[in-house]
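In what follows, chains carry the letters A, B, and so on, assigned in the order in which the sequence lines appear, proteins first and then strands, with residues in each chain numbered from 1.
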Amino acid sequence: MKDEITPEDRVANLKGMGSSRKRVEDVRFTQGKGNYVDDIKLDGMLFGDFVRSPYAHARVKSVNKEAALAVPGVLAVLTAEDLEPLGLHWMPTLAGDKQMVLADGKVLFQGQEVAYVVATDRYAAADGVEAVVVEYEELPVVVDPFKALEPDAPILREDIKDRTEGAHGPVRHNNHIFTWEQGDKDATEAALAEADVVAEEMIYYHRTHPCPLETCGCVASMDKVTGKLTLWGTFQAPHAIRTVVSLISGIAEHNIRVISPDIGGGFGNKVGAYAGYVCSVVASIVTGKPVKWVEDRMENLMSTAFARDYWMKGRIAATKEGKITGLWCHTTADHGGFDACADPTKFPAGFMNICTGSYDIPTAYLAVDGVYTNKAPGGVAYRCSFRVTEAAYFIERMIEVLAIKLNMDAAELRRINFIRKDQFPYQSALGWEYDSGDYHTAWEKALDAVGYDALRAEQAQRLEDFKAGKTRKLIGIGLTHFTEIVGAGPVKNCDILGLGMFDSCEIRIHPTGSAIARLGTISQGQGHATTFAQIIASEIGLPADDITLEEGDTDTAPYGLGTYGSRSTPVAGAATAMAARKIRAKAQMIAAYLLEVHDDDVEWDVDRFAVKGAPERFKTMKEIAFAAYNQAIPGLEPGLEAVSYYDPPNMTYPFGAYICVMEIDVDTGETEVRSFYALDDCGTRINPMIIDGQIHGGATEGYAIAMGQEIAYDEMGNNKSATLMDFFLPTAWETPTYTTDFTVTPSPHHPIGAKGVGESPNVGSVPCFSNAVHDAFRPFGLVQSHMPHDHWRIWKIARDLGLHG
Amino acid sequence: MIPAGFEYHRPADIASAIALLQQHGDEARVIAGGHSLIPMMKLRMADLSHLVDLQGISGLSGITIGEGSVSIGAMTTQNALITDAALAEAVPILREAALQIADPQVRYLGTVGGNVANGDPGNDMPGLMQCLDATYTLVGPDGERQVAARDFYEAAYFTAREDEEILTAITIPIPAAKGYAYVKQKRKIGDYATAAAAVLLGEGFASVAMTNLADTPVHSDAASAALAEGDVEGCVREALQAIDPQEDMRGPIAFKKHVAGVILRRAITKAQERAA
Ligand SMILES: Cc1cc2nc3c(=O)[nH]c(=O)nc-3n(C[C@H](O)[C@H](O)[C@H](O)COP(=O)(O)OP(=O)(O)OC[C@H]3O[C@@H](n4cnc5c(N)ncnc54)[C@H](O)[C@@H]3O)c2cc1C
């Protein structure tokens, strides 16, 4: 048989890896036809709503339900007392702690769930919430993690008071959760003592919130006849949720079906388990009816998982030429009222020990102290792998601080300290093995692209004009070279609640040569249905357009640990390639049989197996698929499917070079991002358009975080930023324009060399924006000023430096 | 974010609307565009049993350019202030200010009457109306009366309007002055002012007002007089004397006082350029 089309056309027709294939999800999203949790409507469905604490720390003296139960439509009001007989008034957190589902005698943060009202509709539920009367006795509030550790600080967690051992080792104070140490303390202190130069600084990465556009919610439906519980929810890890629900409710796991429908953004906020899920399940079991619970925006910002809040004290040692000789970091981590961080079990401070960044630092030491305060629990990875943003911000600020101390250009300081290409795989002082990288090439490409020297000259001219009174605007040039650690992770050291962090893919080829694939992950906007089909297309030669991708239904998808920490491509993407290769291996045998040659005599060619040396004799994958279902092939089972559970041998280490140019008005504190250049190296690029979209989205979040977004509390523990008026989400107007670029350094251990990219822009852009602000004021002596760099804080920098005359 | 239950009324004329307000007293409130009132109800900070919608009453919206003055119906949307070419010609500062209010979605529904009647110090129109020396027409059970914008605001959410009165129109004298500017610092699109200044400037004449820097808009006679004499520093000094900003997430008091001066100076410069 002669083929008409060229091999290049055959590749293009697949729309496989490397193709900027349009997102298949967008057909429904752009037409308003998505199916989110709140779109689910079931017969007789009830609604739940929470009574929340107005106080940050108080004893709950009594909860009076009477008036609420009299509200028409209100069916029940649940309190901790009602949940206690079921053992559900507390629940385990992902961090080895436990958390109140409903206030058990006291509340520890403003917005904490006190009672759960169940009603026939949302309006009645809200009226019921208003009618519940709670009597509180206020207790002293601690919002400062340093004060929380003082000897006479109020005891927040009376349930575990006087313990000496926590989930992660010894504790030394009632409000102390853990100390986590990595690296060589003595050697690092020696390096600091012997160094020519030591720069020391406190770097604070403020508390913020992932704030996905869709808030958290669920619908629980207990079928009393079959004994089956179906739970739809905004879950970033549906399988893990199924296991957790089974463990805490005692319902057998096979009787629980968890479904994550379309999800409107997660960014870490939707990894953990929330009181709303537990209460909805209980309410459905009690009433025998489906129960829906969906947070409103204020509830989301006040009570579901926050991010960051790390006080990072740093010391960095160097020779007078600028070669870094040691790095020391002590972090005080504010976890709020419960330790509900979402980290792999053995990593209570996540992968904070990636804080040596892109640099060849021979000795390092990191200690992290986790602390309870009267704030909301969380500490999730907001569009980053566990605590990687904190680590990247820390090291990228410390580099700038060191550059100031050395009176050196910060681009040059980075250049002389980068891990060299020939050092990979690189063993870091804090215990990681970086898989691959070529930092110098990326850095030079970035500096060239923005015209770095010309920018510095322009900046110097502006400074002169400023000093001469000709302008009131300064220019800041923000530099960042970040290294991430993503794709958790190897089962040998990564688990969540004892569940190894592998992931999975199952592929079924249909007789006519189309396919369905199911994964253990769940897209929340990343475009999995688009990109994973591209991996399969390239691996098995069927067009991506003929491959359906499904995720999120635990009854049909293979078990996986979900989507966060940029793990989908590194782990589930690897599983996808491996499952596809199993299919291709069987297809090879089928092809050889059909072509009447030995298995080893055929070779793969884009979308077919051809006889070696006789390319006109071939069987396309489509033909092979049909044969798998209609031929009796000796020694082979019928059908063409495969499943792969992939346990990654290592993490992947994406990196990037970002440069931002910012105009700063010293009088009003207003800023304008003039340009933002983002070079990302995520290894093999599956869909360049989706990568660009991820960079734009993540950098915009990074812009928000650096320039204004925060969860702020007053002394009384009142959340001051619980609406979108004060919690900064940029509109199209504020959003900078981005220039994207790339280098490709494949991961040597990943089947297709891909590293993951969704979180790089958040990790890399925050220090880049922040460094731009600092850089503008460097000539006037600014060393460190904490984020967010909103107008008044920039104004304050200028005032403190005497720039207002 | 779900409001308590309420009765919805949609009267067809002013008299019926006033009758409803009289009948239900404290429990009733008129609703115009709803873009200040509904958020307050959702937060359950406003608890009202009766909403009297003004949308069904004809004759409450529209812009009429007269000889020496412009009349704007209370139900005229903020968007209409932007798109009306004759108005932009007669009182260009209105368009400049309206463009800086909220975002297009809010402006399509939010009304001028609601903006000035609301009494929220964050609203931009009240300071602007004081700068322009506008007059509000209020209709109540005892008939119609006129109140100067400069006398209307008493404290945050407290105005000279009686509970049973409805604001029907705003009358603005067409400024002879050629110089004008509305300059507003804000954190993002859709935000209320960190500081905003309205300035009118002509031959021997000036008028200066500021927004969100006290619990009412601040029109300063002294600042206006100083500027009329060309004394910019004096004007800024007087205006800063008159304001009384509070700390909030936009920043501390010292910051607000400082940027108030900066924004006012910028407005003056812009007005001077236009006057020239
Ligand atoms: C996201 C967002 C951002 C905003 N940003 C800004 C901003 O930057 N600047 C700004 O100025 N505004 C801003 N606003 C407010 C917006 O302009 C409102 O539309 C306006 O304040 C009120 O007009 P309304 O027609 O919506 O009034 P409503 O909300 O209907 O009413 C407001 C109040 O005025 C009373 N009222 C209304 N009409 C009359 C009348 N004719 N007679 C008597 N009483 C009346 C009502 O009873 C109510 O108490 C913002 C609003 C939102 C939601």
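Put simply, the side chain of B:His35 never gets that close to the backbone of B:Asn115: no donor and acceptor are under 3.5 Å apart. In this structure a side-chain-to-backbone donor-acceptor pair under 3.5 Å is present from B:Ser207 to B:Cys131.
For the options A:Leu724, A:Thr723, A:Asp726, A:Asp49, heavy-atom pairs under 4.5 Å to chain B are most numerous at A:Asp726. When A:Arg793, A:Met725, A:Lys796 are compared by the number of non-hydrogen pairs under 4.5 Å with chain B, A:Met725 comes out ahead.
For a residue to count as touching a neighbouring chain, one of its non-hydrogen atoms must lie under 4.5 Å from one of that chain's; by this rule B:Ala254 touches chain A with backbone and side chain alike. Neither the backbone nor the side chain of B:Lys42 has a heavy atom closer than 4.5 Å to any heavy atom of chain A. Looking at A:Asp665, the atoms closer than 4.5 Å to chain B (heavy atoms on both sides) all sit in the side chain, from C-beta outward. In this structure, chain B has heavy atoms under 4.5 Å from both the backbone and the side chain of A:Arg122. Proximity to chain B is limited to the side chain of A:Glu130, based on heavy atoms less than 4.5 angstrom apart.
A donor-acceptor contact closer than 3.5 angstrom links the side chains of B:Tyr182 and B:Thr211. In this model, no donor atom of one side chain and acceptor atom of the other lie less than 3.5 Å apart for B:Thr269 and B:Gln272.
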Where do B:Asp120 and B:Tyr157 land on the side-chain hydrogen bond (donor to acceptor under 3.5 Å, both in side chains) test, with the steps shown first? CA-CA 5 Å; B:Asp120 182 338; B:Tyr157 300 104; 3.0 Å; yes
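Side-chain contact check for B:Arg266 versus A:Thr668: some heavy-atom pair is nearer than 4.5 Å.
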